[in-house]
Amino acid sequence: VLSKDSAGMLHSLSGGAWDPHDVNAVAATGESSVQFWDLRTMKKVNSIERAHVRGVDYNPKREHILITAEDESGIHVWDLRKAKAPIQELPGHTHWTWAVKCNPEYDGLILVEQVEVKQSAGTDSAVNLWYAAASSTNEKTPESPVGSTRQRVNLLLNSYTDYEDSVYGLAWSSREPWVFASLSYDGRVVIESVKPFLPRV
């Protein structure tokens, strides 16, 4: 242990992420907020008050962009320079969203683990592959009026639903950026390739 400190009101930590653009910045999620910590001073520098945030990840290609996975409200994209409200929401989630991972190479490619509630009985897990092409809030197209942002494109590229139990872990390959692994509660590790679904940009 190099250093440690109390997370304040975060009595139950559920996740966290290291900022790939700043080695001294860490985001930690808890029951009621996302807290941002500066490791040089071990002080909280900012927070987003959100209930039931389960997962968080930084966009490795865009500085200041953070993705959160939330129980009932799905996925939110945040610009940390203006963190009062999300700049983008991904629809289509009917129940808990547990984990979110940004692709290390392809900007806008996001893996999301969610629990779907079926009308019959019980729940099923699915891993959804999203393409969320969002411009930063300060980027304008030449034809955009003052104060507007570039049009955003959200596409659900694929839904992987062949899981018999809840999925608790997701990881992109750092060597082959179109390959990911998922870990389900029953101990199965599934390796998938997303190459057929990659957007042409």
Side-chain angles (χ1 to χ4, degrees), residues 12-17 20 27 29-31 34 48 50-62 65-78 86-134 151-201:
S12 177
L13 292 173
S14 60
T29 62
E31 295 173 349
V34 181
I48 297 174
R50 301 290 287 190
H52 309 299
V53 176
R54 296 293 180 181
V56 63
D57 200 20
Y58 286 92
N59 185 326
K61 295 295 184 182
R62 292 181 183 269
I65 301 299
L66 184 85
I67 319 291
T68 57
E70 303 173 28
D71 267 7
E72 297 179 1
S73 49
I75 312 139
H76 289 108
V77 181
W78 302 83
I87 59 171
Q88 197 174 3
E89 296 181 26
L90 300 186
H93 295 272
T94 59
H95 208 45
W96 301 317
T97 307
W98 286 92
V100 60
K101 291 291 180 185
C102 296
N103 189 281
E105 185 64 30
Y106 297 104
D107 184 27
L109 208 59
I110 301 170
L111 278 178
V112 179
E113 190 281 312
Q114 72 177 79
V115 178
E116 295 278 3
V117 178
K118 298 191 299 184
Q119 289 185 341
S120 53
T123 60
D124 276 347
S125 279
V127 175
N128 285 339
L129 176 67
W130 283 91
Y131 178 63
Q151 183 180 6
R152 298 180 175 96
V153 178
N154 297 329
L155 297 174
L156 178 60
L157 299 179
N158 195 35
S159 187
Y160 304 87
T161 58
D162 55 343
Y163 295 96
E164 297 177 1
D165 215 326
S166 298
V167 178
Y168 284 98
L170 293 172
W172 286 104
S173 168
S174 57
R175 187 176 181 88
E176 303 290 349
W178 54 86
V179 173
F180 76 90
S182 58
L183 172 66
S184 57
Y185 182 75
D186 57 5
R188 272 199 320 153
V189 176
V190 178
I191 310 296
E192 302 270 11
S193 173
V194 305
K195 202 167 187 179
F197 307 101
L198 289 182
R200 295 177 181 174
V201 291

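Below, each value reflects all heavy atoms present in this structure, side chains not excepted, and no hydrogens, waters or symmetry copies.
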message: Given 3.5 Å as the limit, does a donor-acceptor pair link the side chain of D57 with the main chain of C102, or not?
response: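 Looks like yes, one N/O pair under 3.5 Å.
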- prompt: When you measure from the side chain of S173 to the backbone N and O of V179, does any donor-acceptor pair fall under 3.5 Å?
  reply: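 Flag not set: sc S173 to bb V179 has no pair under 3.5 Å.
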Euclidean distance, [Y] [atom2] relative to [X] [atom1], rounded to 0.5 Å:
X: W172; Y: L170; atom1: CH2; atom2: CG; value: 9.0 Å
X: L111; Y: W130; atom1: CG; atom2: CH2; value: 12.5 Å
X: N128; Y: L90; atom1: CG; atom2: CG; value: 10.0 Å
X: H76; Y: I87; atom1: NE2; atom2: CD1; value: 11.5 Å
X: I191; Y: F180; atom1: CD1; atom2: CZ; value: 9.0 Å
X: I67; Y: R62; atom1: CD1; atom2: CZ; value: 10.5 Å

- prompt: Do V34 and T68 pass the side chain to side chain contact (heavy atoms under 4.5 Å, CB included) test, and can you show the C-alpha distance, the side-chain angles, and the key distance before you say yes or no?
  reply: CA-CA 9 Å; V34 181; T68 57; 4.3 Å; yes
task: In sequence, state the C-alpha distance, the side-chain angles, and the governing distance for Y160 and V167, and then conclude on side chain to side chain contact (heavy atoms under 4.5 Å, CB included).
output: CA-CA 11 Å; Y160 304 87; V167 178; over 6 Å; no
message: Holding to side chain to side chain donor-acceptor pair (under 3.5 Å), I want the full list of residues that pass it with N59, two or more places apart in sequence or in another chain.
response: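 Per chain and number, N59 pairs via side chain to side chain donor-acceptor pair (under 3.5 Å) with D107.
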task: Run the numbers on V194 and Y106 for side chain to side chain contact (heavy atoms under 4.5 Å, CB included), then give the verdict.
output: CA-CA 11 Å; V194 305; Y106 297 104; over 6 Å; no
query: Looking only at heavy atoms, which two atoms of E105 and P177 are closest? And how far apart?
result: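 Minimum heavy-atom separation between E105 and P177: CB-CB, 3.4 Å.
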- request: Might you point out which heavy atoms bring A132 and I110 nearest each other, and give the distance in Å?
  value: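 For A132 and I110, the tightest heavy-atom pair comes out as CB-CD1, 4.0 Å.
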- prompt: With side chains defined as the heavy atoms from C-beta onward, is the minimum distance between V56 and W78 less than 4.5 Å?
  reply: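 V56 vs W78: side chains apart.
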message: Using side-chain heavy atoms (C-beta onward) and a distance below 4.5 Å, is V77 in contact with P86?
response: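 SC-SC contact between V77 and P86 ruled out.
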NZ or CZ of K195 within 45° of W178 ring axis and under 6.0 Å: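 That pair qualifies as a cation-pi contact.
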message: Tell me whether the count of non-hydrogen atoms from other residues, nucleotides or ligands lying under 6.0 Å of CD in E176 goes above 12.
response: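 Yes, enclosed.
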If you look only at distance, which donor and acceptor atoms sit under 3.5 Å apart when one is on a side chain in residues 182-190 and the other is two or more places apart or in another chain?
{"residue": "S182", "atom": "OG", "partner": "Y163", "partner atom": "OH", "Å": "2.7"}
{"residue": "S184", "atom": "OG", "partner": "D186", "partner atom": "OD1", "Å": "2.4"}
{"residue": "S184", "atom": "OG", "partner": "R188", "partner atom": "O", "Å": "3.4"}
{"residue": "D186", "atom": "OD1", "partner": "R188", "partner atom": "N", "Å": "3.2"}
{"residue": "R188", "atom": "NH2", "partner": "D162", "partner atom": "O", "Å": "3.0"}

